[in-house]
2 protein chains.
Amino acid sequence: MKKIQVVVAEDQAMVLGALAALLETEPDIAVCARAANGREALTAVGKNKPDVLVTDIEMPEMTGLTLAAEVRDRYPQTRVVILTTFARPGYLRRALDAGAKGYLLKDRPSAELADAVRRVQRGLRVVDPDLALEAWDSGPDPLTERERQILWRAGEGKSSGEIADELHLSEGTVRNYLSEAISKLGASNRVEAARLARAKGWL
Amino acid sequence: MKKIQVVVAEDQAMVLGALAALLETEPDIAVCARAANGREALTAVGKNKPDVLVTDIEMPEMTGLTLAAEVRDRYPQTRVVILTTFARPGYLRRALDAGAKGYLLKDRPSAELADAVRRVQRGLRVVDPDLALEAWDSGPDPLTERERQILWRAGEGKSSGEIADELHLSEGTVRNYLSEAISKLGASNRVEAARLARAKGWL
DNA sequence: CTGCCCTCATGACAAACGTCACCTCCATTT
DNA sequence: AAATGGAGGTGACGTTTGTCATGAGGGCAG
């Protein structure tokens with residue numbers, strides 16, 4: 001019997017090695033390559049044509065969400081499983097839009113990883129049920145692209161003036177967008193708004 | 001030859017399982033217990049009297065730093081290795097104060113974990129060299145306790161008034177403390193100050 | 001005992017922030 | 001052709017922030 005070929009992508013080297021070790025303990029799974037960022041992962045998928053790519057979301061070079069979309073377009077025979085810390089509805093939605101077949105949280109038992117890989121390889125979908133539910137009733141991302149850009153920078157501690165310069169807008173406009181975002185999110189100032197948006201995965 | 005007995009503590013179940021799998025691949029190391037939080041870890045150490053405890057810092061119930069101090073006081077035969085994402089000088093300092101023998105970053109190669117466990121078990125110290133250097137020249141925590149409390153809440157998006165109510169202070173006083181903290185950290189507003197302090201592990 | 005630092009406070013002022021009404025321009029939808 | 005809605009803008013207004021000077025009390029080391 002041929003083993004399921006898997007590529008693992010994760011930016012924390014220690015966790016990457018550990019996840020690989022975990023998958024290698026399964027008799028029917030083989031880790032054929034490891035990647036420390038999105039770009040490496042894409043190359044590795046191209047070279048190895050694995051059955052499954054297991055990837056983190058937050059990585060340098062290329063985010064796991066972008067990676068998933070690239071893999072879907074260029075190597076459709078490889079199914080993607082997103083493995084992430086973040087139970088953010090926005091992330092799940094974007095992951096599924098990007099063609100990911102699985103979405104698994106890092107705080108699930110480690111046995112579920114191998115299971116998810118097997119299920120996805122068989123063509124099934126694997127999505128954390130709690131998260132799927134939350135994604136449903138938390139509604140879609142209410143922010144426009146501009147609001148997102150601006151709110152992000154505000155969350156970094158930048159002033160309205162700095163943000164305006166950076167995005168070639170007037171300061172008043174920046175304040176307007178922030179005001180809109182604050183009211184959409186039910187926050188009482190920019191900092192709280194940024195926190196809420198981050199928690200939902202909208203930022 | 002008797003294997004090195006290790007307890008692993010980590011709040012993300014998937015990562016916990018993976019780290020255990022990683023250590024189990026070493027012929028001279030045995031994982032005798034796993035813990036999902038600080039309290040569990042303390043119990044497990046009491047029961048198993050392992051040679052080494054490998055623990056994350058940010059965990060529910062009891063932080064890895066508190067845990068390290070408890071283990072030093074109650075089970076001194078067990079050496080503690082901190083394994084964390086955060087290259088924060090403040091964390092390193094507090095970890096060493098708490099009697100940790102090792103401080104390892106999750107973005108180091110996975111091979112280093114087993115090495116660190118072996119070294120620490122032999123009575124050596126293992127500290128990430130880059131981080132140790134940074135901890136040295138980044139100086140000690142400049143914030144007072146009050147400044148920390150206030151800056152923390154400001155970073156959560158609370159207004160000066162809210163913080164004042166919470167801590168039973170006048171609003172002016174809160175603004176004074178924030179102003180102090182902002183200038184100490186060389187920031188230009190409360191949000192940036194909170195970000196910087198967090199990055200240093202002072203919050 | 002005398003600095004020195006932390007805590008907490010007040011008052012005042014300029015700058016930044018949040019809100020609102022109201023405007024143009026432009027692309028998409030109906 | 002009209003309606004919608006996003007993007008960008010202006011001006012005005014009140015509130016919040018950040019700064020500074022200044023002071024009162026308390027603890028603690030030299």
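Scope of the values below: all heavy atoms of this structure, side chains included, with no hydrogens, waters or symmetry mates. Chain identifiers are assigned alphabetically (A, B, ...) following the order of the sequence lines, protein sequences preceding nucleic acid strands; residue numbering begins at 1 within each chain.
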Identify each donor-acceptor pair in which a side-chain atom of residues 31-44 of chain A lies under 3.5 Å from a protein atom, sequence neighbours left out, and give them as a table.
residue	atom	partner	partner atom	Å
A:Asn37	OD1	A:Arg39	N	3.0
A:Asn37	OD1	A:Glu40	N	2.8
A:Arg39	NE	A:Glu61	OE1	3.2
A:Arg39	NH2	A:Glu61	OE1	3.3
A:Glu40	OE1	A:Ala36	N	3.0
A:Thr43	OG1	A:Arg39	O	3.0

Which is it for A:Arg118 and A:Asp115 under the salt bridge (Lys or Arg N to Asp or Glu O under 4.0 Å) test, yes or no, and what are the steps along the way?
CA-CA 5 Å; A:Arg118 291 191 195 97; A:Asp115 267 14; 3.3 Å; yes

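Residues forming a side-chain contact (heavy atoms from CB on, under 4.5 Å) with B:Ala187 (at least two apart in sequence, or on another chain): B:Ile182, B:Glu192, B:Ala193, B:Leu196.
Geometrically, A:Arg88 engages A:Tyr91 in a cation-pi contact defined by less than 6.0 Å to the ring centre and at most 45° from the axis.
When all heavy atoms of A:Gln5 and A:Pro50 are compared, the closest pair comes out as O-CB, 3.5 Å. Considering all non-hydrogen atoms of both residues, A:Ile82 and A:Ala95 come closest at CG1-CB, 4.1 Å. Considering all non-hydrogen atoms of both residues, A:Gln121 and A:Val52 come closest at CB-CG2, 4.0 Å. A:Asp73 and A:Pro76 make their closest contact through O-CD, 4.4 Å (heavy atoms, listed as atom of the first residue, atom of the second, distance). When all heavy atoms are compared, the tightest approach of B:Ala194 to B:Leu151 is N-CD1, 3.8 Å.
Judged purely by distance below 3.5 Å, without hydrogens or angles, the side chains of A:Thr66 and A:Thr63 never pair a donor atom with an acceptor atom. A side-chain donor from one of B:Thr85 and A:Gln12 sits under 3.5 Å from a side-chain acceptor of the other.
OP1 or OP2 of D:dT17 lies within a sub-4.0 Å distance of a side-chain N or O belonging to B:Ser160.
Comparing the start and finish of the helix from C:dG3-D:dC28 to C:dT30-D:dA1, five pairs each, the helix axis swings through 40°, to the nearest 10 degrees.
The number of heavy-atom neighbours closer than 6.0 Å to NZ of B:Lys47, taken from other residues, nucleotides and ligands shown, is 12 or below.
Comment: A:Glu10 engages A:Lys106 in a salt bridge, judged by a side-chain N to carboxylate O separation of less than 4.0 angstrom.
Less than 4.0 Å separates DNA chain D from no heavy atom of any residue of residues 145-154 of chain B. For residues 161-174 of chain A, proximity to DNA chain C is found at no residue, defined as any non-hydrogen atom under 4.0 angstrom from a strand atom. Taking a 4.0 Å limit (strictly below) on heavy-atom distances, residues 176-194 of chain B reaches DNA chain D at B:Asn176, B:Ser179, B:Ile182, B:Asn189, B:Arg190.
For the pair A:Lys158 NZ and C:dA16 C1', the interatomic distance rounds to 17 Å; values are reported in whole Å. Put simply, CZ on B:Arg175 is 13 Å from C1' on C:dA16, counting in whole angstrom units.
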